[in-house]
Colleague: 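First the structure, then my questions, so here it is.
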Number of protein chains: 2
Amino acid sequence: MKRKTFGRMNCSIARALELVGEWWTMLILREAFLGTRRFQDFQRNLGIARNILSARLKKLVARGILQRSAARGGGRRLEYRLTEKGRAFFPVLMALMQWGDRFAACAGGPPVRVVDRVAGEPIAELNVLARDGRVLSAADVRMVPGPGAGALTRARFRRAQAVKASGGGGESLHEDRSPA
Amino acid sequence: MKRKTFGRMNCSIARALELVGEWWTMLILREAFLGTRRFQDFQRNLGIARNILSARLKKLVARGILQRSAARGGGRRLEYRLTEKGRAFFPVLMALMQWGDRFAACAGGPPVRVVDRVAGEPIAELNVLARDGRVLSAADVRMVPGPGAGALTRARFRRAQAVKASGGGGESLHEDRSPA
DNA sequence: CACGTTGGTTTCATGATGAAACCAATACGC
DNA sequence: GCGTATTGGTTTCATCATGAAACCAACGTG
């Protein structure tokens with residue numbers, strides 16, 4: 001059967017993954033953040049098949065995450081650059097990298113260090129913070145329905161409230177709303 | 001051909017994605033952070049096929065991200081809970097959620113709000129920070145080879161240095177080292 | 001010890017991925 | 001202008017992953 005889409009789910013994580021969650025896509029974005037712009041460089045640096053790279057780049061452009069433009073030089077020279085939407089993905093990749101550094105490390109330590117250009121020092125550890133700056137773990141937060149929550153999402157949270165510590169979740173966050 | 005593995009790449013993002021980058025996996029983790037523990041609840045809340053859920057849970061347990069234990073009640077009642085490694089994934093999901101809230105929004109706004117239990121206020125926006133607290137964008141950082149960088153990674157960065165603003169990337173980060 | 005509940009596995013149809021071959025647009029040498 | 005190298009693809013085919021539904025097994029309960 002056809003792969004299920006996350007794009008209609010009532011969850012920003014699901015909808016984000018619909019845009020960048022396919023195999024290879026986040027690594028293509030990593031490359032873009034490292035400065036890669038040309039098709040061949042993406043292909044060589046990643047070792048990805050060219051048909052797949054072509055399909056992913058096309059989707060990323062269609063989704064407004066990369067933009068394509070012509071460049072001078074021999075051949076049909078093109079450039080793929082991050083848009084504002086693409087650049088805003090930076091914290092996600094850094095969070096993923098720090099988690100990988102810690103829990104999926106290469107022998108010898110982190111393969112790449114990210115340093116602040118101004119101070120010349122490594123960047124800080126990424127943390128979820130309260131407005132007043134306290135570091136928050138998952139246990140320190142509560143998830144509540146937001147303004148865009150659909151009926152099923154609200155029902156789910158009501159039920160989760162009811163069964164606090166006595167069992168399972170509730171209705172469902174899937175197929176709760178139509179796409180944006 | 002068989003799907004290519006990211007696990008041997010010399011990049012923490014690739015290695016992290018090898019552990020949690022498959023279709024559905026991050027949504028399963030989202031559910032876990034929302035408090036879901038039982039097989040049926042994951043299945044209902046996500047709308048995932050049961051064979052896929054079974055396979056994903058098995059892998060997440062094998063990878064030390066979830067842990068399985070028996071629970072009391074009718075039937076063969078099991079529980080899947082986040083380990084320390086799993087809980088450390090929290091910032092990644094929050095970063096992804098905030099990006100989704102902004103760029104893949106549901107009609108009406110964010111479907112879920114995350115509020116600090118103590119203050120009762122929404123959490124702060126996640127940002128990459130310098131050690132001294134300055135907010136850093138991708139343009140404000142430099143990527144340099146770390147202690148775990150392999151030969152190809154180092155070569156790649158050297159070359160990137162050389163061609164600064166004149167073209168493409170360099171060697172490659174793929175197949176640079178053996179797995180941890 | 002039959003029965004419902006829970007947590008799977010099996011089977012089969014279909015889509016996604018990977019490798020290599022093939023194709024097209026552009027700049028450049030001449 | 002014309003052939004050719006470079007770049008950026010598309011096509012083809014074999015294999016793997018995904019999804020849905022059917023089937024199966026462990027456990028607690030009456």
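Computed over heavy atoms, backbone and side chain alike; hydrogens, waters and symmetry mates excluded. Labels below follow one simple rule: chain letters A, B, ... track the order of the sequence lines, proteins then strands, and each chain is numbered from 1.
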Colleague: Under 4.0 Å between a side-chain N/O of A:R44 and OP1 or OP2 of D:dG8, yes or no?
Modeller: no
Colleague: Atom CZ of B:R37 and atom P of C:dG7: how far apart are they, to the nearest Å?
Modeller: 13 Å
Colleague: To the nearest Å, give me how far apart CG (B:L60) and P (C:dG8) are.
Modeller: 13 Å
Colleague: Just to confirm, is there a sub-4.0 Å distance from OP1 or OP2 of C:dT6 to any side-chain nitrogen or oxygen of B:Y80?
Modeller: no
Colleague: D:dA26, D:dG9, D:dG19: which one has an atom nearest the side-chain heavy atoms of B:I52?
Modeller: D:dG19
Colleague: Start at the 5' end of DNA chain D and walk down; is the nucleotide closest to A:R76 or to A:K2 reached first?
Modeller: A:R76
Colleague: So, are B:E18 and B:R3 salt-bridged, with charged N and O less than 4.0 Å apart?
Modeller: no
Colleague: Just checking, any donor-acceptor pair under 3.5 angstrom between side chains of B:Q98 and B:R102?
Modeller: no
Colleague: Check whether any side-chain N or O of B:K58 sits under 4.0 Å from OP1 or OP2 of C:dG7, and answer yes or no.
Modeller: no
Colleague: Please report, rounded to the nearest Å, how far the P atom of C:dG15 is from the NZ atom of A:K59.
Modeller: 14 Å
Colleague: Look at the side chain of B:R3 and decide which nucleotide, out of D:dA26, D:dA17, C:dA25, has an atom nearest to it.
Modeller: D:dA17
Colleague: Within the structure shown, what part of the strands sits under 4.0 Å from A:F42 by heavy-atom distance: base, sugar-phosphate, or nothing?
Modeller: nothing
Colleague: As a test of reading the structure: which of C:dT9, D:dT7, C:dT17 is closest to the side chain of A:R77, going by heavy atoms?
Modeller: D:dT7
Colleague: Nearest heavy atom decides the nucleotide; on that basis, is A:F6 or A:L57 closer to the 5' end of DNA chain D?
Modeller: A:L57
Colleague: Tell me whether the OP1 or OP2 atom of C:dG18 has a side-chain N or O from A:W24 closer than 4.0 Å.
Modeller: yes
Colleague: If the cut-off is 4.0 Å, is A:S54 near the phosphate of D:dT10, judged by side-chain N/O to OP1 or OP2?
Modeller: yes
Colleague: What's the closest nucleotide to the side chain of B:R56 if the choices are D:dG9, C:dT17, D:dA17?
Modeller: D:dA17
Colleague: What is the distance from CG of A:L53 to P of C:dA16, rounded to the nearest Å?
Modeller: 18 Å
Colleague: How many whole angstroms separate atom CZ of A:R38 from atom C1' of D:dG8?
Modeller: 10 Å
Colleague: So, B:D101 versus A:S12: side-chain donor-acceptor pair below 3.5 Å or not?
Modeller: yes
Colleague: Do A:F42 and A:R56 pass the side-chain contact (heavy atoms from CB on, under 4.5 Å) test, and can you show the C-alpha distance, the side-chain angles, and the key distance before you say yes or no?
Modeller: CA-CA 11 Å; A:F42 282 107; A:R56 292 291 182 276; over 6 Å; no
Colleague: Taking 4.0 Å as the cut-off, does a side-chain nitrogen or oxygen of B:R68 come that near to OP1 or OP2 on C:dG8?
Modeller: yes
Colleague: Salt-bridged, A:R87 to A:E84, with N to O below 4.0 Å?
Modeller: yes
Colleague: Calculate the interatomic distance between A:E22 atom CD and C:dG15 atom C1'; express it in whole Å.
Modeller: 12 Å
Colleague: Under a plain distance cut-off of 3.5 Å, with no hydrogens placed, do A:D140 and A:S137 share a side-chain donor-acceptor pair?
Modeller: yes
Colleague: Whole Å only: how far is the CD atom of B:Q40 from the P atom of C:dG8?
Modeller: 11 Å
Colleague: With rounding to the nearest 0.5 Å, note down the distance linking CZ in A:R154 to CG in A:N10.
Modeller: 8.5 Å
Colleague: State whether B:D116 and A:R142 are salt-bridged, where the test is any N-O pair (Lys NZ or Arg NE/NH1/NH2 against Asp/Glu carboxylate O) under 4.0 Å.
Modeller: no
Colleague: Output a table of nitrogen or oxygen pairs between the protein and nucleotides 19-23 of chain C separated by less than 3.5 Å.
Modeller:
from, atom 1, to, atom 2, distance (Å)
C:dA19, N6, A:N51, ND2, 2.6

Colleague: Rounded to the Å, how far apart are A:Q43 CD and C:dG18 C1'?
Modeller: 11 Å
